[in-house]
Amino acid sequence: MRIDVLTVLPGLFDCFLKEGVIGKAISSGKVEVKVHNIRDFTTDKHRVVDDVPYGGGPGMVLKPEPIFRAYDELTKEGEKPYVLLTEPWGEKFNQEMAVELSKKPRLMIICGRYEGVDERVKSLVDREVSIGDYVLTGGELPAMVIMDAVLRLIPGVLGNLESLRADSFSDRGLLGYPNYTRPAEFRGMKVPEVLLSGHHKKIESWRKEQSLRKTLERRPEIIENLKRKGLLTKEELE
Ligand SMILES: COc1cccc(Cn2ccc3ccc(-c4cc(N)[nH]n4)cc32)c1
């Protein structure tokens, strides 16, 4: 997969693209992520990317020209990207969307700043995406959240963990099961016996039950959604 990111703050992505699972996936060539400074696609000597809003009002708006120039330049060759625009009130990002986006060969993520992008930029956009009902200062953190959730789903990125998660609950949006590690007792708090039993079938069913129970308690709508889609097995429904 290739992802092109358009932003006026490319430096925000430096650590994200160097560290951890995402950093390894990029350095190993499993995925390609290119961050482009919208300012590099201006043509005036002051490299202006924003302007005051028509009709008045606070703040500034990102101009359409530099973004369209970047899009035209970056789409001259190769597959046309599926274009995302991060917005405070776009379609809510979730695991289902992450799975869908992970199947695209190429993505482009346009990161707004100030009061957002000129409305005409949306003629380039396939999906306006929000990571939650709160307003951030720009689209870069949402872009990193989306990239992190999508890139971890690319085959080979999670390495051997991937196979262990063949039937991963998280891919169905279920909440995770409790994790424990040594010591077996810490400040009077014991690890559940079943996890010390070495009985893999029992451990697996305990984890599945914990995940379903936690999801039912905290996010019942996820269970309803999976039921409606027929994505819960008979025993999971019991
Ligand atoms: C557009 O309307 C806005 C109104 C007030 C502030 C801002 C700031 N801002 C600029 C570009 C931008 C892109 C994404 C987000 C964002 C996404 C989520 N989930 N929260 N916030 C916020 C952004 C925008």
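Whatever order the structure lists them in is the order used to number ligands and atoms, beginning at 1. Position 1 is the first residue of the sequence, and the numbers go up from there. As the structure is a computational prediction, the values presented were derived from the model and not from experiment.
Near E87, with a cut-off below 4.0 Å to any heavy atom, the atoms of ligand 1 are 14 (C), 16 (C), 17 (C), 18 (C), 19 (N). Of all atoms in ligand 1, listed by their number and element, those nearer than 4.0 Å to a heavy atom of G132 are 19 (N). For ligand 1, the atoms sitting less than 4.0 Å from at least one non-hydrogen atom of P142 are 17 (C), numbered in the order shown with element in parentheses. Below 4.0 Å from some heavy atom of G139 lie the following atoms of ligand 1, by number and element: 12 (C), 13 (C), 14 (C). Which parts of ligand 1 touch Y134 is read off a 4.0 Å heavy-atom cut-off, strictly below it: atoms 18 (C), 19 (N), 20 (N), 21 (N).
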Item to check | side-chain hydrogen bond (donor to acceptor under 3.5 Å, both in side chains) assessment of E140 paired with T7 | outcome: CA-CA 7 Å; E140 285 79 11; T7 173; 2.6 Å; yes
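Looking at V135 next to ligand 1, no N or O pair under 3.5 Å apart turns up.
At least one heavy atom of Y114 sits closer than 4.0 Å to an atom of ligand 1.
Atom 21 (N) of ligand 1 has L136 N, 2.9 Å as its closest protein atom, hydrogens excluded (heavy atom only). For atom 14 (C) of ligand 1, the closest heavy atom belonging to the protein is T86 O, 3.5 Å. Closest to atom 23 (C) of ligand 1, if we only count protein heavy atoms, is G138 CA, 3.7 Å. Here the heavy atom of the protein found nearest to atom 2 (O) of ligand 1 is W89 CH2, 3.3 Å. P88 CG, 3.9 Å is the protein heavy atom nearest to atom 24 (C) of ligand 1.
For the side chain to side chain contact (heavy atoms under 4.5 Å, CB included) with V21, the qualifying choice from I26, L151, L158 is L158, the only one to do so. Looking at D50, V117, I67 one by one, the single match for side chain to side chain contact (heavy atoms under 4.5 Å, CB included) with I38 turns out to be I67.
Ring geometry, Y180 versus W206: the interplanar angle falls from 30° to 60°, so the pair is classed tilted.
Counting non-hydrogen atoms of neighbouring residues, nucleotides and ligands closer than 6.0 angstrom, the CZ atom of R47 exceeds 12 such neighbours.
The closest donor-acceptor contact from the side chain of T86 to the backbone of A143 lies at 3.5 Å or more, if one exists at all.
Within the 4.5 Å cutoff, the side chain of D4 has no heavy atoms near those of the L107 side chain. When side chains are defined from C-beta on, V31 does not count as touching R2, because their heavy atoms never get closer than 4.5 Å.
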